[in-house]
Protein chains: 2
Amino acid sequence: MFSGLSAFPLTPLRDDQVDLAAYRGLIDRLVAARVDSIGALGSTGSYAYLDRAERRAVVEASVDRAAGIPVIAGIGALRTSQVLALAEDAQQAGADAVLLAPMSYQALTQDDVAALYEDVTAELSVPLVVYDNPATTHVTFSMDLYAHIANLPHVDAIKIPPITQGVDAARERVRAMRAVIPEHVRIGISGDGFAASGLLAGCDAWFTAVGGTIPQAMSAIARSALDGRADDALAASARLAPLWDLVAQLGSLRVSAALAEHLALVDAPCLPRPLLGLRGAERERAVAVADQLGLLS
Amino acid sequence: MFSGLSAFPLTPLRDDQVDLAAYRGLIDRLVAARVDSIGALGSTGSYAYLDRAERRAVVEASVDRAAGIPVIAGIGALRTSQVLALAEDAQQAGADAVLLAPMSYQALTQDDVAALYEDVTAELSVPLVVYDNPATTHVTFSMDLYAHIANLPHVDAIKIPPITQGVDAARERVRAMRAVIPEHVRIGISGDGFAASGLLAGCDAWFTAVGGTIPQAMSAIARSALDGRADDALAASARLAPLWDLVAQLGSLRVSAALAEHLALVDAPCLPRPLLGLRGAERERAVAVADQLGLLS
């Protein structure tokens, strides 16, 4: 379940309500692209902004529509008891695994983060993906913390942040992690522009944000990398450099939302306020870049 | 309402439920210390971790117990529609003003932050305090953003982060802000260890975190500063240097919680998990420092 391409769709809103009809359409695209797993309610799925009932409905819709593709459901929240309730909901709704980032308001200590995963894994029945995303959580995982958490029951994968310095640096990072985590724990790379090198460096999975909206191009890169066709994978990723520049500047969520809106997969604006999404020249640029790369057909 | 000492009590939990009885006791201490306003559900009051019903109950208890002292209620949340609901609840519960920080998960643009305050102030009936707390929100307010928001209806005060470089730097900062915000908008300083210099530099108010638990010592410093007795204020603050060092290292929330637990004002542990609070040697040190400074009597 934690190998290959895992695609994270948007959770589109319409008049501040989750648009489940549009959401189902996004899932259908992922099924058609034959992704290896679907990440419902990731950061790209705006999990942090949605209430418990909304999140339950999204997991149910995901499972219902995934055509047997495993569904990984985000269960992050600021308070441990909220996470436990969301974990229970996700499991009852049929999620195959859960994904947990240590959301923070007050800065978390390494002990706080460890306790969060201890508390949650003690109650789980399905596998858990540790979601290390410092850009949104402002938590930095030390190697000691990886090691501690990876040894907890039900922890089967770790989603790591992008490694931006190339394949060799990624290989070194993966090697260092593998030295401290159990052998069965999978490592998944994030940061779409650096995913090809991450997979070539030995990551088991690619958790794709942009691929939640435009899965085909990401799937092609992933297949090349996972088949060991390194030159093809790197070339296919390099061809999308203007997209990666866009994502680096404007954020993968805002770019994904702009493309989904342009493609009329979702109503505009689809993001939860106060996130305004891309407007004006930024939006035009995002669409133009994707169009020139042939990603909108 | 936005001048003098504004004290922010903890919202103590007990078995993951808000302990309203203990909370009322904390309010009573603030009333006895004759603070100028009470900040319910600030960062020290763990607003970000509490659900809507809990937050409504806390505002009701605050208003009920404040003996006429103005109550400022935190209404921050990640999604604008959640903030609007919390604002409505706070007003119905009798809050005299609301306090709004731009909580973030996805990084907010300056336009996102502006839109948040536009959306909320358009619906408000009571004054609003803009809560600029980059340590928890990861938002940096530009001077242009201060100017834009301060000109919105109902915006009557801005709570600014600590200015750590002394009175002259604080005076310069306050001067720069006053040049761009309307005359009626008050400026309140945060960061208890730098509050004396902030008040002496011309801030109207001191929003105190530690003073939510131990108000008397903070009240004495505030009175000196607001009466223009600069040397007395700075000396009284300097005398508490070991406390400020503790807060700088361990955080005002964790220090406040440890002191409240030690004083048996609240049950231990009183913070929402995953925040573990201070334990072991850190906790002993916090209590010893406060004791040596005579703050526990």
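Protein chains get the first letters and strands the later ones, always in sequence-line order, with residue 1 at the start of each. Everything numeric in this text was worked out from a predicted model, so none of it was measured.
For the pair B:D119/A:R273, a side-chain contact is recorded, criterion being any heavy-atom separation below 4.5 Å from C-beta on.
Heavy atoms of A:L271 lying under 4.5 Å from chain B are absent altogether. With a 4.5 angstrom heavy-atom cutoff, B:L275 touches chain A via backbone and side-chain atoms both. Neither the backbone nor the side chain of A:Y117 comes within less than 4.5 Å of any heavy atom of chain B.
Between A:S46 atom OG and B:L78 atom CG the span is 10.5 Å, to the nearest 0.5 Å.
Within residues 105-113 of chain A, the residues approaching chain B closer than 4.5 Å by heavy atoms are, in numerical order, A:Y105, A:Q106, A:A107, A:L108, A:T109, A:D111, A:D112.
Heavy-atom pairs under 4.5 Å with chain B were tallied for A:V83, A:L116, A:L253; the largest tally goes to A:L253. For the options B:A115, B:P272, B:S43, heavy-atom pairs under 4.5 Å to chain A are most numerous at B:S43.
Nearest heavy-atom pair, B:T80 versus A:P274, reported as atom, atom and distance to 0.1 Å: OG1-N, 3.1 Å.
Under the salt bridge (Lys or Arg N to Asp or Glu O under 4.0 Å) criterion, A:R79 pairs with B:D16, B:E54, sequence neighbours left out.
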